[in-house]
Amino acid sequence: MTDSSGVKVLYIIGAGRSGSTLLTNILGQLDGFTNLGELYYLWENGILNKGICGCGKRVQDCIQWQKPLHAVFGDDIIGAAYEMNNFLQQSVRTRHIPIWLLPSLASQRLRTERATIEQIERFYKALQDAISANVIVDASKFPSYALLLSNLPTIDLYILHLVRDPRAVAYSWQRKKQDPATNELFGRMGQVKSSIIWSAWNSSSELLRHKMVNRDRYLRIRYEDFIVAPQSTVAKISAFVDECINSSPFSAKQEVTLAPTHCIAGNPVRFQAGPTRLKTDDEWIDRMRLRDKRVATALTWPLLLRYRYPCLGTAR
C-alpha cells in the first residue's frame, strides 16, 4: 500500500451484473471523483475494438483518453494496446489469482513484467493529471487486477466490494440486453455458470481483504442497500476514501441527475444522462423460475448467508 501521495484509486470489485455501472456513474458526478468505467477493458474493447466512451465519442476521438494515452505510449497507441491486452490475458485473469496472492510469485511476476507494469503505473498517474481528479473510480471488478494494483507503490488503493443477490445476478445474465454502442446483444449465461462465477469472484474478493495490509481500505456494500438508501451509501463511500462531498447529484431521495462520464465498458446504463429515478430491480423474485432459483441458491448458499440474503423460502 502507498501513502496519500499516490494516485488514489477506488476499485470496484465483485461479480458482473451487480450494479457497478449505475453506482460508478453516480460516484462520477461527485466533485473530485472521475468514473472511468472498467479500465481493464480499455485496451481490447476501447481501443482495439474501437469502442465508445461514456461521453458518446469513440475512444480514439475522446480527448480525455487520448491525452494520457499519448503521454505514456506516444503515437503507437494500437501497438501499446496489443501489448497491454496480451499482458492482462496472460497474467491478470481469474486463474492468476494464486500468483498475486503469494508474495514470492507476485514479486517474480513484478520483476519479469517490470516494463509493462511501470507503464500501468504511469498511465494511472497520467489519467489523474489529465482529469485533475482526487479519486479515479475503476470498476474493472477483476480480483486479480485489484491484486496487481495492490502491489504497485504509486497506487493508493481503496477496495469497494459490491455484492448483489446471486439469484438477481443469474436472472440478469439470462435477459437479453443490447449494447447501444454496437447494436449487438451482450453475452448471456445460464444460472449454473453465473452462480459459480459469482461465488468464485466474491470468494476471491474476500481473500483480497485478508491480504491487504490496511483493512481500513476495504469496504463491502450490498447493491440492494445502495438502491434503498443511495444518498447515505454514497456519503459512506466518500468518507471511506477520505473525501468530502461539497455538492450532491441527488435531486430527491431516489432521483439523481447524471451527466455523461468518460467510462469504458459496462452495461447500457453508462450512456444514461439526465434525471434518473432509482428503483429496486427485483423482477427476478416473481419472474425467475423456481428451479433456477433453487440451483442458484444451492451453488451460492455459503456466501448467500454471509451477505445476509434470504433463503429460498422467503424469496418467493
Side-chain angles (χ1 to χ4, degrees), residues 11-27 94 139 141-143 146 159-177 186-210 215 218-237 239-240 250 252-256 266-267 269 276-316:
Y11 188 92
I12 313 297
I13 197 170
R17 303 293 177 95
S18 292
S20 63
T21 304
L22 176 59
L23 174 60
T24 54
N25 259 8
I26 294 175
L27 292 175
T94 302
K141 294 193 289 292
F142 274 85
I159 299 294
L160 177 60
H161 182 184
L162 180 64
V163 299
R164 187 182 183 188
D165 191 305
R167 295 156 298 196
V169 169
Y171 181 75
S172 178
W173 276 113
Q174 293 173 348
R175 298 167 68 183
K176 291 183 179 180
K177 289 189 177 183
F186 285 100
R188 300 163 70 192
M189 68 175 77
Q191 72 276 6
V192 172
K193 183 177 180 180
S194 68
S195 297
I196 291 173
I197 292 175
W198 184 93
S199 292
W201 280 42
N202 283 299
S203 296
S204 299
S205 301
E206 295 281 347
L207 289 175
L208 177 60
R209 177 175 68 90
H210 292 292
R215 299 285 180 85
Y218 171 96
L219 174 67
R220 184 174 66 235
I221 66 171
R222 303 193 316 168
Y223 173 75
E224 293 82 1
D225 297 334
F226 156 63
I227 288 297
V228 170
Q231 295 188 55
S232 61
T233 301
V234 167
K236 183 177 182 179
I237 294 171
F240 167 60
F250 292 96
K253 181 180 179 180
Q254 298 295 131
E255 187 170 291
V256 62
N267 68 44
V269 173
T276 301
R277 186 76 179 173
L278 304 183
K279 59 181 181 180
T280 304
D281 185 5
D282 56 4
E283 179 181 300
W284 68 273
I285 295 177
D286 294 315
R287 302 197 63 176
M288 189 176 186
R289 293 186 305 176
L290 181 59
R291 176 185 176 276
D292 291 346
K293 289 181 185 179
R294 286 173 172 168
V295 169
T297 300
L299 292 172
T300 62
W301 69 266
L303 289 177
L304 191 76
L305 296 177
R306 176 171 175 77
Y307 300 147
R308 298 178 291 107
Y309 288 114
C311 295
L312 187 61
T314 59
R316 296 203 297 276

Option from Arg222, Glu206, Arg209 for which side-chain contact (heavy atoms from CB on, under 4.5 Å) with His161 holds: Glu206
Apply salt bridge (charged side-chain N to carboxylate O under 4.0 Å, His left out) to Glu255 and list each qualifying residue two or more places apart in sequence or on a separate chain. none
Backbone of His210 reached by a side-chain donor or acceptor of Tyr218 within 3.5 Å: no
Heavy atoms, side chains only, cut-off 4.5 Å: are Phe226 and Leu22 in contact? yes
Do Glu224 and Val228 have side chains that get closer than 4.5 Å, going by heavy atoms? no
Note: Arg167 and Ala296 closest approach over all heavy atoms is CG-CB, 3.7 Å
Find the distance between CH2 (Trp198) and OG (Ser203) and round it off to the nearest 0.5 Å. 8.0 Å
Do side-chain atoms of Asn25 reach the backbone of Val269 as a donor and acceptor pair under 3.5 angstrom? yes
I need the Thr94 OG1 to Trp201 CH2 distance, nearest 0.5 Å. 5.0 Å
Ile196 backbone acceptor or donor facing Ser199 side chain under 3.5 Å: no
Any residue meeting ring pair (Phe, Tyr, Trp, His ring centres under 6.0 Å) with Tyr309, in chain and number order, not counting sequence neighbours: none
Any Ile197 side-chain heavy atom under 4.5 Å of Met189 side chain: yes
Is any side-chain heavy atom of Val163 less than 4.5 Å from a side-chain heavy atom of Leu303? no
Could you tell me if the side chain of Lys279 sits less than 4.5 Å from the side chain of Gln254, heavy atoms only? no
Which residue, Thr21, Ile159, Leu160, Ile237, forms the side-chain contact (heavy atoms from CB on, under 4.5 Å) with Ile12? Leu160
First locate atom SG of Cys311, then atom CG of Leu305, and finally report the distance between them rounded to the nearest 0.5 Å. 5.5 Å
In Å and rounded to the nearest 0.5 Å, what is the CD1 to OG distance from Ile13 to Ser18? 11.5 Å
With side chains defined as the heavy atoms from C-beta onward, is the minimum distance between Ser195 and Thr300 less than 4.5 Å? yes
Look up atom CG in Leu304 and atom CG in Leu299, then write down how far apart they are to the nearest 0.5 Å. 11.0 Å
Determine the minimum heavy-atom distance between Ser20 and Lys141, stating which atoms define it. OG-NZ, 3.4 Å
I'd like to check the salt bridge (charged side-chain N to carboxylate O under 4.0 Å, His left out) partners of Arg164; sequence neighbours left out, ordered by chain and number. Asp281
Atom CG in Leu219, atom NZ in Lys236: separation rounded to 0.5 Å? 5.5 Å
Considering only heavy atoms from C-beta outward, does the side chain of Arg220 approach that of Arg306 to under 4.5 Å? yes
Between Trp173 and Arg17, is there a cation-pi geometry (under 6.0 Å to ring centre, at most 45° from the normal)? yes
Kindly say whether Ala168 contributes a backbone atom to a donor-acceptor pair with the side chain of Glu283 at under 3.5 angstrom? no
Please report the shortest heavy-atom distance between Gly19 and Leu162, naming the atom on each side. C-CD2, 3.8 Å
Hey, are the side chains of Trp284 and Lys293 touching, using non-hydrogen atoms and a 4.5 Å cut-off? yes
